[in-house]
Amino acid sequence: MSPISHDDLARACAAVALPSSIAIRAWDERDYPVMRDLAAAEGWTTLRDRPADGLRAWQNAWPALVATHDNQVVAFLRGLTDGAVTLYVADLLVAPAWRGRGVATALLEVCHALYPTARFDLLSTDMAHAFYERLGYRPFPGFRKSYV
């Protein structure tokens with residue numbers, strides 16, 4: 001269960017200029033197969049190779065949002081936050097046909113509306129660096145170690 005109420009999420013979404021025909025809502029386990037397929041098509045392997053672990057990660061994450069068009073998931077964002085200082089964006093993915101339409105920006109802005117005092121930290125592919133820099137993000141050093 002998220003620490004934010006449905007009303008809080010609705011207010012955050014209302015505060016953001018969403019792209020035409022896009023809705024943002026909390027993810028639901030019924031969304032997981034589509035999210036897994038989107039991630040696999042992008043070459044992201046965790047949800048494909050470790051589906052139970054991936055599902056558990058989504059169940060324990062917040063914010064955990066999807067962007068939909070006609071009730072079909074076209075993008076998702078999975079984050080982790082302390083609610084005040086840091087919001088870590090673990091996953092942000094937009095289906096190729098929906099890129100460049102403001103969907104990723106809207107997902108990030110909804111998170112900012114939910115947690116206006118939190119700094120955002122995230123990982124990025126090389127292809128997305130220009131996108132994040134355009135939004136005012138700056139690169140920072142980091143490290144990762146995988147155990148699986």
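Computed from heavy atoms alone, side chains included, the values below leave out hydrogens, waters and symmetry copies.
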Exercise. What pair of heavy atoms forms the shortest contact from P63 to C111, and how long is it?
Worked result: CG-SG, 3.6 Å
Problem set entry | Whether D70 side chain and Q72 backbone form a donor-acceptor pair below 3.5 Å | no
Exercise. Does one hydrophobic cluster hold both V66 and L93, with members joined at side-chain heavy-atom distances below 4.5 Å?
Worked result: yes
Exercise. Heavy atoms, side chains only, cut-off 4.5 Å: are S20 and R101 in contact?
Worked result: no
Seminar exercise, completed: Correct closest heavy-atom pair for L47 and R36 would be O-CD, 3.2 Å
Exercise. Quick one: do L9 and L108 end up in the same hydrophobic cluster if we chain Ile, Leu, Val, Met, Phe, Trp and Tyr together by side-chain heavy atoms under 4.5 Å apart?
Worked result: yes
For this session: Measure the spacing between CZ of F140 and CG of L122 and express it to the nearest 0.5 Å.
Result: 7.0 Å
Exercise. Is there a donor-acceptor contact under 3.5 Å from the side chain of R99 to the main chain of V94?
Worked result: yes
For this session: List the steps and the verdict of side chain to side chain contact (heavy atoms under 4.5 Å, CB included) for W27 and F76.
Result: CA-CA 8 Å; W27 89 291; F76 58 77; over 6 Å; no
For this session: Starting at CZ of R48, measure out to CD of E42 and round the result to the nearest 0.5 Å.
Result: 12.5 Å
Problem set entry | Minimum heavy-atom distance between V74 and W98, given as atom pair plus value | CG1-NE1, 3.4 Å
Problem set entry | L18 reachable from L77 in the ILVMFWY side-chain graph, under 4.5 Å edges | yes
Exercise. So how far is it from I24 CD1 to E109 CD, rounded to the nearest 0.5 Å?
Worked result: 9.0 Å
Problem set entry | W62-V110 co-clustered via ILVMFWY side chain contacts under 4.5 Å | yes
Problem set entry | Any donor-acceptor N/O pair, T81 side chain to T86 backbone, under 3.5 Å | yes
Exercise. Taking atom CG of L65 and atom CG of D91, what is their separation to the nearest 0.5 Å?
Worked result: 12.0 Å
Exercise. Which heavy-atom pair separates A128 from S124 by the least distance, and what is that distance?
Worked result: CB-OG, 3.5 Å
Exercise. Between T46 and G54, is there a donor-acceptor pair closer than 3.5 Å when you use the side chain of the first and the backbone of the second?
Worked result: no
Exercise. Is any side-chain heavy atom of W44 less than 4.5 Å from a side-chain heavy atom of L38?
Worked result: no
Exercise. Got a second to check how far L87's CG is from D121's CG, nearest 0.5 Å?
Worked result: 8.5 Å
For this session: Identify the two heavy atoms, one from A75 and one from L107, that lie closest to each other, and give their separation to 0.1 Å.
Result: CB-CD1, 3.9 Å
Problem set entry | V16 with L92, same ILVMFWY side-chain cluster at under 4.5 Å | yes
Exercise. More than 12 foreign heavy atoms under 6.0 Å from CG of N60: is that the case here?
Worked result: yes
Seminar exercise, completed: Taken to the nearest 0.5 Å, the spacing of H112 NE2 from R119 CZ works out to 14.5 Å
Exercise. Which atom names give the shortest non-hydrogen contact between P51 and Y32, and what distance separates them?
Worked result: O-OH, 2.8 Å
